[in-house]
Amino acid sequence: MEKFEKLTGIAAPLPLINIDTDMIIPKQFLKTIKRSGLGVNLFDEMRYNDDGSENPDFVLNQPAYRDAEILVAGDNFGCGSSREHAPWAIKDFGIRCVISTSFADIFFNNCFKNGLLPVALPQEQVDLLMKDAEKGSNARMTVDLESQTITTSDGEQISFEVDSFRKHCLMEGLDDIGLTLEKAAAIDTFEAQASQARPWV
Amino acid sequence: MSGKTLYDKIWDAHLVHEAEDGTSLLYIDRHLVHEVTSPQAFEGLRLAGRTVRAPGQTIAVPDHNVPTTEGREKGIENPESRIQVEALDKNAKDFGIHYYPVSDVRQGIVHIIGPEQGWTLPGMTVVCGDSHTATHGAFGALAHGIGTSEVEHVLATQTLIQQKSKNMKVEITGKLAPGVTAKDITLSVIGRTGTAGGTGYVIEYCGEAIRDLSMEGRMTVCNMAIEGGARAGLIAPDEKTFAYVQGRPHAPKGAQWEAALNWWKTLKSDDDAHWDKVITIRGEDIAPVVTWGTSPEDVLPITAEVPAPESFQGGKVDAAKRALQYMGLTAGTPLNQIEIDTVFIGSCTNGRIEDLRAAAEILKGKKIAVKRAMVVPGSGLVRAQAEEEGLADIFRDAGFEWRMAGCSMCLAMNPDQLSPGERCAATSNRNFEGRQGRGGRTHLMSPAMAAAAAVTGRLTDVRDLMQPVAEPA
């Protein structure tokens, strides 16, 4: 997995609440058997018109935000389906960090498996970052995972919380499965005990 | 020290390892797999030279992509869908996991066939690369959706890295009025809590109205726990649960059944258990409901009107404006005057036999007044049973298409899709923009309400079509 340590980049404002995973990547793109190449279809129905042309009003189509690496969004980002295609599409587009007041549980978990950092902050702080993002490409934010801070283009600093295990895995780019397999003996022991206690499983 | 909740008990029984910061390794009893979220996971296993740790506890079925027209076993026309289903055929064979191919009468929606085949049992941990895995919580199993990386993790290790959620109790007291169903309960709860209200929680549903529900109804309630943001929904197992499970192909038998039953009977929250949040709703206060917007929280009794965006607060004002525009609705319009084009009855939320019975009860002897209507049974066995009970004839006579099992128009990955602007009364679980097809407009409701809409051509209070009974309180 790609490491996430520190990122300075353009932040795109998307002040909609309840952005669901169908909006992030519609189902017709889930027919792939690969993880890559989904960025072009990120936010497909908002980003493109019916004839396939770009919708110039959509934030990621505006010149200032075409190279955005951070997304500031409304409450309950990533609700709905468990599709990991959502973080795959976001990451493939080039976005490495999403900031909102809250995230849906499965989406939140999926981000950490893909080198993508979701940051949940109180409403006032998201409002402040949203305003900063609205300034366009000259406003570059810095997200520093080590110090758990976001610095606005004006130099204002905001701290955020992150689970220590997930932080460690993101900063080191660790593979979960490899880590768990180090505990194979504990799994063996558990299975042996469970087969006695609950033999019907 | 306070007692334990049902969630605490199942969690403790599956804890393999807990680190100091609370990061836990949880053992997984059942892993359900479908074609859309698994190919990359199997590819990952192959690339790393890993195997499936517990193939006997892993069950696969194609459901999301499959056409629901007859003759489909001859091959899927859409090349991408075909490749995905063929990949699952191959992965199931290569890794030796249980498999129900399209040609098998037991094929169906993964969350319907798990319980139907007795794979889902009380006290288990059940995961699947699908958010509606919450369905299995109806059996008192800790069940939730996972992403593809986690699918690969479970395939390789039969465990999941987890942080424990908080406990929420949702109590539905008293009795439901006639015409009110499990779907109305679960939508009404989301209407109360919002789609993010359950974030960070596992919900246990309890109370008389929940106890009174059949297993099918309980599955409908738990299925939509995820739409309220919860990791999982749970209902404590009871005699109804045990009666449903007993005799199913993969349920324990003989002495093992007795041993299992002894443990299952302990699976309930202690009286002094700690709850981080409690919500109580009177069953008598729940009405037949429909959704008007593009989030499952946009729900109101059928007797209400389309709300004005200004009646909301914060980000919801703009969201409601956007929703009304997308849905082509005007504030103040009575919900029961909204005309519809299409009716879809099916999905993991409402594709079980009881759902088809409830819809057929309304449709008996009537004709549809919509452009098209389809019933997609949740499994081949539900379909067969409905045919045996004469329900299929009622649907066909009314003008419904009688389809093969699958997810179908719930998420429209197969050819069953809405056209732009097409308005659908649906028994599924999501009314998101584009969910049932780009530009499609979805109103969520119960099977009985969808059937009522089919015969009148507009959103309809099912109570108006029911045999006269005492006025609901």
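Numbered from 1 within each chain, the chains take letters A, B, ... in sequence-line order.
To the nearest 0.5 angstrom, Glu43(B) atom CD is 6.0 Å from Lys34(A) atom NZ. Distance CG/Leu411(B) to CG/Leu30(A): 7.5 Å, rounded to 0.5 Å. Note that the CD1 atom of Ile17(A) and the OG1 atom of Thr195(B) stand 7.0 Å from one another [nearest 0.5 Å]. Rounding to the nearest 0.5 angstrom, the gap separating the CG atom in Leu179(A) from the CD1 atom in Ile161(B) is 6.5 Å. With rounding to the nearest 0.5 Å, the separation of CD in Glu433(B) from CG in Asp22(A) is 10.0 Å.
Counting heavy-atom pairs closer than 4.5 Å to chain A, the top-ranked of the candidates His250(B), Glu35(B), Met124(B), Glu150(B) is Glu150(B). Here Gln163(B) is the residue among His144(B), Gln158(B), His64(B), Gln163(B) with the most heavy-atom pairs under 4.5 Å with chain A. For the set Lys183(A), His85(A), Met23(A), Gln28(A), the entry with the most heavy-atom pairs within less than 4.5 Å of chain B is Lys183(A). With respect to chain A, the highest number of heavy-atom pairs below 4.5 Å among Gly147(B), Ala251(B), Pro39(B) belongs to Gly147(B). Residue with the most contacts toward chain A among Thr294(B), Asn78(B), Val151(B), Ile226(B): Asn78(B) (heavy-atom pairs, distance under 4.5 Å). The greatest number of non-hydrogen atom pairs below 4.5 Å with chain A, out of Ala260(B), Ala156(B), Gly315(B), Ala54(B), is found for Ala260(B). With chain A as the partner, the residue from Pro296(B), Ser149(B), Pro252(B) showing the most heavy-atom pairs under 4.5 Å is Ser149(B).
Both the backbone and the side chain of Arg435(B) come within contact range of chain A, judged by heavy atoms closer than 4.5 Å. Contacts of Ala323(B) with chain A are absent, with no heavy-atom separation under 4.5 Å from either backbone or side chain. Contact annotation for Ala230(B): neither backbone nor side-chain heavy atoms come within less than 4.5 Å of a heavy atom of chain A. Contacts between Ser295(B) and chain A at a heavy-atom distance below 4.5 Å involve the side chain alone, from C-beta outward. For chain A, the nearby part of Leu25(B) is the side chain; its heavy atoms alone come within less than 4.5 Å. Both the backbone and the side chain of Thr157(B) have a heavy atom closer than 4.5 Å to some heavy atom of chain A. Within the 4.5 angstrom heavy-atom criterion, no atom of Lys253(B) approaches chain A. In this structure, chain A has heavy atoms under 4.5 Å from both the backbone and the side chain of Asp29(B). Only the backbone of Gln436(B) has a heavy atom closer than 4.5 Å to any heavy atom of chain A. Neither the backbone nor the side chain of His132(B) comes within less than 4.5 Å of any heavy atom of chain A. Residue contact with chain A, scored on non-hydrogen atoms closer than 4.5 Å, is absent for Gln417(B). Looking at Thr148(B), both its backbone and its side chain come within 4.5 Å of chain A, counting heavy atoms on both sides. Looking at Thr159(B), the atoms closer than 4.5 Å to chain A (heavy atoms on both sides) all sit in the side chain, from C-beta outward. Interface remark: Ile177(A) contributes backbone and side-chain atoms alike to the contact with chain B (heavy atom separation under 4.5 Å). With a 4.5 angstrom heavy-atom cutoff, Gln57(B) touches chain A only via side-chain atoms.
For residues 185-201 of chain A, the interface with chain B (any heavy-atom pair closer than 4.5 Å) comprises Ala186(A), Ile187(A), Asp188(A), Phe190(A), Glu191(A), Arg198(A), Pro199(A), Trp200(A), Val201(A), sorted by residue number. Within residues 59-83 of chain A, the residues having any heavy atom under 4.5 Å from a heavy atom of chain B are, by residue number, Asp75(A), Asn76(A), Cys79(A), Gly80(A), Ser81(A), Ser82(A), Arg83(A). Inspection of non-hydrogen atoms places Ser102(A), Phe103(A), Asp105(A), Ile106(A), Asn109(A), Asn110(A), Lys113(A), Asn114(A) of residues 95-116 of chain A under 4.5 Å from chain B.
Considering only residues two or more places apart in sequence or on other chains, His153(B) meets the ring pair (Phe, Tyr, Trp, His ring centres under 6.0 Å) condition with none of them.
Between Arg50(B) and Asp175(A), at least one side-chain N (NZ, or NE/NH1/NH2) sits under 4.0 Å from a carboxylate O, which counts as a salt bridge. With salt bridges taken as basic N to acidic carboxylate O contacts below 4.0 Å, one links Asp50(A) and Arg438(B). Salt-bridge annotation for Arg35(A) and Glu152(B): present, with a side-chain N of the basic residue lying under 4.0 Å from a carboxylate O of the acidic one.
Residue-environment remark: CD (Glu172(A)) exceeds the threshold of 12 foreign heavy atoms within 6.0 Å.
Side-chain atoms of Thr32(A) and Glu80(B) form no donor-acceptor pair, as typed in the model, at a separation below 3.5 Å.
Annotation: side chain of Thr37(B) is not in contact with side chain of Glu84(A) (no heavy-atom distance under 4.5 Å).
Side-chain atoms of Glu45(A) do not come within 3.5 Å of backbone N or O of Gly439(B) as any donor-acceptor pair. A donor-acceptor distance shorter than 3.5 angstrom exists from the side chain of Lys31(A) to the backbone of Met413(B), with no hydrogens or angles considered.
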Passes side-chain contact (heavy atoms from CB on, under 4.5 Å), Lys316(B) versus Asn18(A)? Steps please.
CA-CA 9 Å; Lys316(B) 191 69 191 170; Asn18(A) 296 335; 4.3 Å; yes
